[in-house]
Amino acid sequence: RNHHAGGQQTYMEQENDWDRDLLLDPAWEKQQRKTFTAWCNSHLRKAGTQIENIEEDFRDGLKLMLLLEVISGERLPKPERGKMRVHKINNVNKALDFIASKGVKLVSIGAEEIVDGNAKMTLGMIWTIILRFAIQDISVEETSAKEGLLLWCQRKTAPYKNVNDGLAFNALIHRHRPELIDYDKLRKDDPVTNLNNAFEVAERYLDIPKMLDAEDIVNTARPDEKAIMTYVSSFYHAFSGAQKAETAANRICKVLAVNQENEHLMEDYEKLASDLLEWIRRTIPWLENRAPEKTMTEMQQKLEDFRDYRRVHKPPKVQEKCQLEINFNTLQTKLRLSNRPAFMPSEGRMVSDINGAWHKLEGAEKGYEEWLLNEIRRLERLDHLAEKFRQKAAIHESWTDGKEAMLTQKDYETASLSEIKALLKKHEAFESDLAAHQDRVEQIAAIAQELNELDYYDSPSVNARCQKICEQWDALGSLTQSRRESLERTEKQLESIDELYLEYAKRAAPFNNWMEGAMEDLQDMFIVHNIEEIQGLITAHDQFKSTLPEANKEREAIQAIQAEVQKIAQYNGIKLAGNNPYTTITPQSIDKKWEKVRSQLVPQRDQALQEELARQQSNDHLRRQFANQANMIGPWIQNKMAEIGRISIEMNGTLEDQLTHLRQYEQSIIEYKPNIDQLEGDHQLIQEALIFDNKYTAYTMEHLRVGWEQLLTTIARTINEIENQILTRDAKGISQEQLHEYRTSFNHFDKDHSGVLQAEEFKACLISLGYDVENNKQGDAEFARIMGIVDPNNSGAVTFQAFIDFMSRETTDTDTADQVIASFKILAGDKNYITAEELRRELPPDQAEYCIARMAPYTGPDAVPGALDYMSFSTALYGESDL
């Protein structure tokens with residue numbers, strides 16, 4: 001029951017196939033007409049009849065009913081013999097009802113069309129009969145009908161290598177009746193002869209009428225399947241006896257055959273799928289390739305190639321894809337019907353993969369033609385844009401030439417602050433110029449961008465040039481910014497350096513002045529006269545040395561300023577141009593002077609001060625040595641002077657006693673001379689040591705020397721005074737008592753005990769003696785006259801000797817100038833002048849020569865040559881005129 005149901009289902013599918021194929025190909029219709037006619041006649045001849053024209057001879061239904069009785073072996077209802085249309089329709093309906101009673105569902109086939117001689121309907125009906133009675137019951141390895149028939153043919157021809165070119169029917173006959181055909185002698189390149197050979201052998205030896213035309217089959221691309229099946233079924237039935245003999249073998253091979261066929265179908269699918277996917281894989285890149293051509297001609301050729309693809313290359317692949325899907329569905333159906341697992345194609349070859357690849361292909365194809373047309377329009381615009389790009393790029397490149405070199409120069413490293421400021425102004429001007437060129441760069445980039453968007457063929461070189469311009473522009477921007485930063489940084493650094501220079505100058509100047517002052521002071525010659533002064537200098541020097549650490553800190557601070565300048569310059573790569581503009585004092589000169597002060601002048605000064613201290617200590621020793629002597633000698637001289645004065649004033653004993661006493665003093669003083677000589681030696685050492693003061697004594701050598709000489713002079717003068725007093729006393733006859741009285745009176749008025757009478761003291765003395773020298777005009781004149789006598793040298797004081805002379809002159813007769821003149825007049829023979837001969841004749845030789853030497857020549861009217869003036873000489877002797 002199941003088998004029958006399956007057969008019926010297959011039959012129905014076959015019927016539906018035919019139903020969908022109502023519009024028959026004319027070549028197929030011709031083949032069917034011939035084949036079906038021959039098939040019908042092969043059965044009708046058993047009833048002693050046949051047909052000539054298939055659509056005419058079955059119109060009355062009689063031969064149709066007869067055909068069904070022959071092939072079914074059953075009796076149909078009695079036909080109606082009338083000639084009318086209704087009788088024919090009834091007969092045909094009886095035949096159709098019989099067919100339907102056999103489980104055949106006749107779709108779209110009605111009795112009217114058969115009666116009317118509708119060729120297509122008639123052929124369809126005959127095919128239904130053939131299918132039901134000749135093919136449906138065929139069963140090979142659990143397949144039936146059409147598939148069973150095909151499988152039977154494949155099995156029978158399997159041992160034969162090439163069954164194309166009309167050899168299949170020959171192989172089928174040779175398999176069952178090898179004696180009928182010499183298979184190996186058949187030619188593979190002559191299909192018509194091969195087919196006719198098979199048809200003739202079948203008709204002659206197998207009683208299978210010739211149902212096909214060899215030329216039709218060869219000349220038709222795809223022969224009619226129904227005609228072929230009808231003819232092949234005749235072979236099946238003819239060899240059915242032999243078929244039974246093979247059943248056992250078939251059963252054994254059935255499973256293998258199914259598997260092998262399925263594998264073959266799988267391999268076919270895999271190959272077809274692989275080939276199609278490979279074609280799609282190769283084609284998609286071509287369709288997706290939007291690489292633009294450089295010229296219009298090349299783009300138009302691309303368009304032509306695409307149209308060739310559409311017309312020539314793609315249609316067969318559409319057919320292949322369709323066939324692949326049909327084959328896949330057929331294979332899956334066969335697997336399902338033969339209770340086999342569903343076919344799983346290898347990775348990437350699923351129907352869905354193929355559909356996906358095909359969808360991608362059509363997606364790639366979709367925009368290709370539009371792209372080609374756009375590309376042609378694009379190329380027209382590109383030439384214009386490219387030329388515009390080249391012009392603007394050339395102008396820009398000309399402007400930028402040399403700008404990088406200008407921006408990368410390090411001129412600021414050696415520039416001064418004022419030069420940096422000038423460079424900044426110049427740079428600002430360049431920045432304005434740079435900003436003005438921004439628009440052109442943007443235009444160049446925009447044109448390049450448009451050329452890219454339009455896929456200009458030479459875009460790489462445009463992009464490279466644009467890239468170079470943009471990179472250069474960015475580089476110029478960066479370099480401009482970098483140079484500005486460098487200039488501003490350098491300006492800032494140079495301002496810092498300038499401030500440091502100024503601070504350096506402000507601090508270096510006073511420090512340098514201090515050092516120069518210190519150097520001057522340290523080298524200054526010093527003259528000191530005592531230990532205190534040298535110790536003062538040493539203290540001052542020590543104080544100066546104590547300031548050196550602080551001064552060194554200041555020096556280090558000043559040098560640190562310079563070091564900071566160097567550090568800034570070095571760290572920032574600034575090459576300092578020239579020296580500090582604010583000062584000529586260099587760090588080297590500071591260090592040089594400092595080093596000179598510290599290591600040369602200070603030690604030298606230390607040494608000089610210490611040497612001077614040693615010298616002053618030596619000098620101090622000389623002072624003390626001198627002072628010790630001087631402090632003894634000075635008082636001794638003073639004592640001696642006082643004693644001499646006392647002796648001359650006190651008038652102890654006679655003048656001769658005083659004289660003796662004084663000469664003893666004189667001898668003791670002379671004996672004291674070695675002490676003076678020793679002191680002179682000490683004084684010599686002091687002078688050699690250039691010592692000019694001595695705090696240890698009030699006595700200087702000069703004072704002592706003067707005192708000594710004064711002592712010697714005083715003792716000599718005092719002795720002389722006593723001797724004169726003796727002469728005066730003897731000449732004037734003054735008694736010792738008178739002399740004593742003069743001394744007493746003199747000492748009385750010598751209030752200050754100075755040994756002389758001052759003017760006022762002498763005046764008081766004169767008043768006491770009765771002279772009129774009161775303080776009035778007359779008294780003053782008299783006092784002046786007397787002072788002129790006693791103090792001819794105007795010393796303002798009167799000595800004791802002068803006092804005695806005055807007092808004795810007033811009381812005794814003495815020689816006067818007039819008396820001497822009178823004496824000379826006697827010697828001159830009463831002349832007013834005297835001659836040298838007269839003087840030498842009258843006077844002792846020495847006194848004569850004394851007079852000759854001192855007398856002036858006489859100039860009176862009575863003068864003779866050699867005359868001498870004795871009058872002026874005489875007055876001069878008494879102090880009345882100049883000698």
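Everything quoted here is computed from the prediction, not taken from an experiment.
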| message | Any carboxylate oxygen within less than 4.0 angstrom of a Lys/Arg side-chain nitrogen, looking at Glu362 and Lys314? | response | yes
| said: Within the 4.5 Å heavy-atom criterion, are Arg281 and Ile284 side-chain neighbours or not? | reply: no
| query | Do Gln323 and Asn327 pass the side-chain hydrogen bond (donor to acceptor under 3.5 Å, both in side chains) test, and can you show the C-alpha distance, the side-chain angles, and the key distance before you say yes or no? | reply | CA-CA 6 Å; Gln323 188 62 46; Asn327 290 359; 2.8 Å; yes
| Checking Ser233 side chain against Thr230 main chain: does a donor-acceptor pair fall under 3.5 Å? | yes
| said: So that I can tick it off, tell me whether Arg310 and Glu369 are bridged by a salt bridge, with the cut-off set at under 4.0 angstrom between side-chain N and carboxylate O. | reply: yes
| Between CD of Glu263 and CG of Leu331, what distance do you get to the nearest 0.5 Å? | 11.0 Å
| said: I'd like to know whether NZ of Lys317 has more than 12 heavy-atom contacts from other residues, nucleotides or ligands below 6.0 angstrom. | reply: yes
| field | Backbone of Asp190 reached by a side-chain donor or acceptor of Asn194 within 3.5 Å | value | yes
| query | If you measure from CD1 on Ile126 to OG1 on Thr37, what distance do you get to the nearest 0.5 Å? | reply | 8.5 Å
| message | Return the CZ to CG distance between Arg336 and Asn329, rounded to the nearest 0.5 Å. | response | 9.0 Å
| query | Does Val318 reach the side chain of Trp358, with side-chain heavy atoms less than 4.5 Å apart? | reply | yes
| Taking the six-membered ring for Trp, are the ring centroids of Phe235 and His176 within less than 6.0 Å of each other? | no
| message | Could you tell me if the side chain of Phe36 sits less than 4.5 Å from the side chain of Met211, heavy atoms only? | response | no
| query | What pairs meet the side chain to side chain donor-acceptor pair (under 3.5 Å) rule with one or both residues in residues 70-86, with sequence neighbours excluded? | reply | Glu74-Lys102, Glu80-Asn90, Arg85-Asp116
| task | Given salt bridge (Lys or Arg N to Asp or Glu O under 4.0 Å), test Asp224 with Lys34 step by step and report yes or no. | result | CA-CA 11 Å; Asp224 179 55; Lys34 182 173 182 177; over 6 Å; no
| message | For a 4.5 angstrom cut-off between non-hydrogen side-chain atoms, does Phe343 reach Glu270? | response | yes
| said: Counting only heavy atoms not in Arg282 (residues, nucleotides, ligands), do more than 12 fall under 6.0 Å from its CZ? | reply: yes
| query | In terms of heavy-atom contacts, does CD of Glu278 have more than 12 from other residues, nucleotides or ligands at under 6.0 Å? | reply | yes
| said: Restricting to non-hydrogen atoms, name the atom on Lys146 and the atom on Ile135 that form the minimum distance, rounded to 0.1 Å. | reply: N-CG2, 3.8 Å
| query | Hey, what do you get for CD1 (Ile99) to CD1 (Ile129), rounding to the nearest 0.5 Å? | reply | 4.0 Å
| task | Give the minimum heavy-atom separation between Ala198 and Ile173, together with the two atoms involved. | result | O-CD1, 3.5 Å
| task | Applying salt bridge (Lys or Arg N to Asp or Glu O under 4.0 Å), run through Glu200 and Arg204 and close with a yes or a no. | result | CA-CA 6 Å; Glu200 288 166 6; Arg204 187 185 302 171; 5.3 Å; no
| request: With side-chain contact (heavy atoms from CB on, under 4.5 Å) as the test, would you mind laying out the steps for Ile217 and Ile228 before giving the verdict? | output: CA-CA 9 Å; Ile217 292 170; Ile228 299 293; 4.2 Å; yes
| request: Applying side chain to side chain contact (heavy atoms under 4.5 Å, CB included), name anything that partners Thr330, two or more places apart in sequence or on another chain. | output: Ile326, Lys334
| Nearest non-hydrogen partners of Ala273 and Ile354, listed with the distance | CB-CD1, 3.6 Å
| task | Output yes when a side-chain donor or acceptor of Asp353 lies under 3.5 Å from a complementary backbone atom of Met350, and no otherwise. | result | yes
| request: For Asp275, check side chain to side chain contact (heavy atoms under 4.5 Å, CB included) against everything at least two apart and list the hits. | output: Lys271
| remark: Between Leu451 and Ser459 the two heavy atoms that sit nearest each other are O-OG, 3.7 Å
| query | Just by modelled atom types, is the Ile208 backbone N or O under 3.5 Å from a matching donor or acceptor in the Glu203 side chain? | reply | no
| How about Met125 and Leu96: do any of their side-chain heavy atoms sit closer than 4.5 Å? | yes
| field | Side chain Tyr160, main chain Arg175, donor-acceptor under 3.5 Å | value | yes
| field | Listed partners of Glu325 passing side-chain hydrogen bond (donor to acceptor under 3.5 Å, both in side chains), at least two apart | value | Lys321
| Side-chain touch Leu195/Leu212, heavy atoms, less than 4.5 angstrom | no
| message | Any non-hydrogen side-chain atom of Trp127 less than 4.5 Å from a side-chain atom of Ile130? | response | yes
| task | To the nearest 0.5 Å, tell me how far Asp268 CG sits from Glu261 CD. | result | 10.0 Å
| field | Contact summary for Ser274 and Arg349, nearest pair of heavy atoms | value | OG-NH2, 3.6 Å
| Asn196 side chain near Glu215 side chain, heavy-atom distance below 4.5 Å | yes
| task | List the atom of Tyr231, the atom of Ala202, and the distance in Å for their closest heavy-atom pair. | result | OH-CB, 3.9 Å
| query | Hey, are Asp458 and Ser461 close enough side-chain-wise for a donor-acceptor pair under 3.5 Å? | reply | yes
| Glu453, CD: over 12 other non-hydrogen atoms inside 6.0 angstrom | yes
| query | Does a sphere of radius 6.0 Å around NE2 in His264 hold more than 12 heavy atoms from other residues, nucleotides or ligands, not counting ones at 6.0 Å or beyond? | reply | no
| said: Going by ring pair (Phe, Tyr, Trp, His ring centres under 6.0 Å), name the pairs with one or both residues in residues 271-297, residues two or more places apart or in two chains. | reply: Trp286-Tyr309, Trp286-Tyr368
Taking only distance into account, with no hydrogens and no angle test, what donor-acceptor pairs under 3.5 Å do side-chain atoms of residues 53-66 form with protein atoms, sequence neighbours excluded?
from: Asn53; atom 1: OD1; to: Glu55; atom 2: N; distance (Å): 3.2
from: Glu55; atom 1: OE1; to: Arg33; atom 2: NH1; distance (Å): 2.5
from: Glu55; atom 1: OE2; to: Arg33; atom 2: NH1; distance (Å): 2.7
from: Glu56; atom 1: OE1; to: Arg59; atom 2: NH1; distance (Å): 3.0
from: Asp57; atom 1: OD2; to: Glu52; atom 2: N; distance (Å): 2.4
from: Asp57; atom 1: OD2; to: Asn53; atom 2: N; distance (Å): 2.9
from: Arg59; atom 1: NE; to: Val115; atom 2: O; distance (Å): 2.6
from: Arg59; atom 1: NH2; to: Val115; atom 2: O; distance (Å): 3.3
from: Asp60; atom 1: OD1; to: Leu62; atom 2: N; distance (Å): 3.1
from: Lys63; atom 1: NZ; to: Gln50; atom 2: O; distance (Å): 2.7

| said: Below 30° counts as parallel, above 60° as perpendicular, anything between as tilted: where do the rings of Tyr183 and His174 land? | reply: tilted
| Atom CG of Leu287 and atom CD of Glu365: how far apart are they, to the nearest 0.5 Å? | 6.0 Å
